[in-house]
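Each ligand, and each atom within it, is numbered from 1 in the order the structure gives. FYI, the numbering just counts along the sequence from 1. When reading the values below, keep in mind they use all heavy atoms of this one structure, side chains included, and skip hydrogens, waters and symmetry mates.
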Amino acid sequence: MSRRSTLLTNIGSLVTNDPAVDGSPLGLLTDAAVVVEGDRVAWVGAARSAPEGTDEAVDAGGRAVVPGFVDSHAHLVFAGDRTAEFNARMSGRAYTAGGIRTTVAATRAATDAELDANVARFVREALRQGTTVLECKSGYGLTVEDEARALRVAGRHTDEVTYLGAHVVAPEYADDPAGYVDLVTGPMLDACAPHARWVDVFCERGAFDGDQARAVLAAGAARGLVPRVHANQLTEGPGVQLAVELGAASADHCTHLGDADVTALASSDTVATLLPGAEFSTRAVYPDARRLLDAGATVALSTDCNPGSSFTTSVPFCIAVAVREMGMTPDEALWAATAGGAAALRRTDVGRVAVGARADLALLDAPSHVHLAYRPGVPLVSAVWRAGVREV
Ligand code: NIG
Ligand code: FE
């Protein structure tokens, strides 16, 4: 059976993230067309020289097309919400890691079907806003069974599954954190490793210190899981240095960085993943993206979608905040939310529009990607293809 082909033409502005196009990271093409064949991009170029004879043609009407967003950091397997905590925080209470335990109780009490339906709802919500790849962590189970269950549920919705048994110390181990680390690096890892690609740890005051985080990541790595780290979110701790030392795919949050942290990130392959939804929703100071970019670090932008610190699935929202509050240009923010996310997940098949790449595309109701920041809060994503299938 031949593969179905679609010509997407009359694209006013196309972000390819292919520097070969124009010598810039964004690889911008105007008056462009893309041919999708099966789940792949088969052709990219000027609309006037596009091949004929595809099964179907879609007229973009001069609007912009960007690669589907790659959200490389989300916590979607949970039940309940934390409205009351958010409400209290907006009346002045501080955010702490401790709130995670509220969601742990609700998640443990939920059925598999409820958790599955929640993840499906968030994945769909993200898709409608242009996200075609979503990473998903465990971390609200904190028992062997509940963590393994979270990963199994996540795996029904994405390939990018992360074992975060070390989110906080489980309530049962409140007086024995060392015992909990033994569990996370022993029986829990045994049950979880077959269902995950990545291992993560919340390296933070109130969660896990540098030595504990190292033990978690090293144990995961010994089982073939690649490290990523919740690092330097609330305080200037050892997370970033540890991430770089262990060759982690990403150091996430990076809100409180010393000069040595910035230098370490800039001279490594570890991606600095910034999550402005968290600072927005906790009224915290934003990470300094400009400092990281000027030093030469690779930066990704993601949602951190979770019920406690960042209950948003919207990458366009994160782009707008990053541009307004974190010193990023609209071009840098778009790159970080697509190619940057792909780099953080060590993927070369997504985050770009080039021959052979997966056909993940978002059509915007706007003449250029700059409108994602220029028109904050406006639902600009009007069509989405994921692996060649029109989903929105
Ligand atoms: O990335 N930092 C740790 N984990 C989440 C928050 C989880 C929660 O508060 O439920 C985060 O911000
Ligand atoms: Fe997170």
Side-chain angles (χ1 to χ4, degrees), residues 71-90 93-108 110 118 122 134-142 146-147 150 154 160-171 184 198-209 212-213 216 227-237 239-240 243 248-256 271-287 300-313 315 318 321 341 344-345:
D71 188 346
S72 64
H73 184 137
H75 310 244
L76 305 181
V77 191
F78 67 86
D81 71 22
R82 308 240 291 275
T83 311
E85 180 188 314
F86 177 78
N87 211 9
R89 198 158 63 237
M90 294 304 113
R93 205 170 80 189
Y95 175 77
T96 65
I100 293 170
R101 292 191 188 94
T102 309
T103 302
V104 169
T107 304
R108 288 179 180 178
N118 284 349
F122 295 131
L134 233 164
E135 182 259 17
C136 186
K137 304 174 195 298
S138 66
Y140 292 116
L142 311 187
D146 287 302
E147 283 296 300
E160 304 299 345
V161 175
T162 301
Y163 169 46
L164 180 59
H167 199 181
V168 284
V169 172
V184 168
W198 311 98
V199 58
D200 194 348
V201 58
F202 188 13
C203 183
E204 186 59 65
R205 207 174 286 168
F208 298 90
D209 68 20
Q212 293 169 325
V216 169
R228 37 199 331 110
V229 185
H230 277 76
N232 301 51
Q233 175 183 5
L234 307 175
T235 53
E236 201 182 307
V240 163
S250 65
D252 299 49
H253 286 284
C254 293
T255 311
H256 297 273
V271 174
T273 299
L274 308 183
L275 308 161
E279 283 76 30
F280 180 90
S281 300
T282 60
R283 281 208 184 127
V285 73
Y286 288 99
L301 262 182
S302 290
T303 63
D304 194 16
C305 182
N306 76 79
S309 66
S310 181
F311 201 6
T312 180
T313 49
V315 171
C318 295
V321 175
L345 293 173

Residue that, paired with Pro287, satisfies side-chain contact (heavy atoms from CB on, under 4.5 Å) out of Leu275, Asn232, Thr273, Thr255: Thr255

Main-chain N/O of Val199 paired to Thr162 side chain as donor or acceptor, under 3.5 Å: no

Short side-chain to backbone donor-acceptor contact, Glu236 and His256, under 3.5 Å: no

Non-neighbouring partners of Thr103 that pass side chain to side chain contact (heavy atoms under 4.5 Å, CB included), sequence neighbours left out: Phe78, Arg82, Thr107, Tyr140, Pro307

Atoms in ligand 1 flagged as close to His167, the criterion being non-hydrogen separation under 4.0 Å: 3 (C), 4 (N), 5 (C), 7 (C)

The Fe ion (ligand 2): protein N, O or S atoms that are less than 2.8 Å away, sorted by chain: His73 NE2, His75 NE2, His230 NE2, Asp304 OD1

Heavy-atom nearest neighbour in the protein, as seen from atom 11 (C) of ligand 1, with distance rounded to 0.1 Å: Asp304 OD2, 3.1 Å

Ring geometry between Phe311 and Phe122 (parallel below 30°, tilted from 30 to 60°, perpendicular above 60°): perpendicular

Validation row: Ser72, Arg228 side chains within 4.5 angstrom (heavy atoms): yes

Which atom of Gln212 lies closest to which atom of Ala207, heavy atoms considered: OE1-O, 4.1 Å

Sub-4.0 Å heavy-atom approach of Thr103 to ligand 1: no

Nearest-contact summary for atom 2 (N) of ligand 1 - protein heavy atom, Å: Gln233 OE1, 2.6 Å

Non-hydrogen atom of Tyr140 closer than 4.0 Å to ligand 1: yes

Short side-chain to backbone donor-acceptor contact, Asp71 and Thr303, under 3.5 Å: yes

Element-labelled atoms of ligand 1 that are located less than 4.0 Å from some non-hydrogen atom of Asn306: 5 (C), 6 (C), 7 (C), 8 (C), 9 (O), 10 (O), 11 (C), 12 (O)

Closest approach of any protein heavy atom to atom 6 (C) of ligand 1, naming residue and atom: Tyr95 OH, 3.1 Å

Region of Glu204 engaging ligand 1 - heavy atom pairs below 4.0 Å: neither

Proximal atoms of ligand 1 relative to Ser309 (non-hydrogen, under 4.0 Å): 5 (C), 6 (C), 9 (O), 11 (C), 12 (O)

Which of the ligand 1 atoms, numbered from 1, are nearer than 4.0 Å to a heavy atom of Arg82: 8 (C), 9 (O), 10 (O)

Minimum-distance pair of heavy atoms, taken over all atoms of Ser250 and Asp252: OG-OD1, 2.6 Å

Minimal non-hydrogen separation, Ala249 against Trp198, with atom names: CB-CZ3, 3.6 Å

Glu135 side-chain N/O to Val161 backbone N/O, donor-acceptor pair under 3.5 Å: no

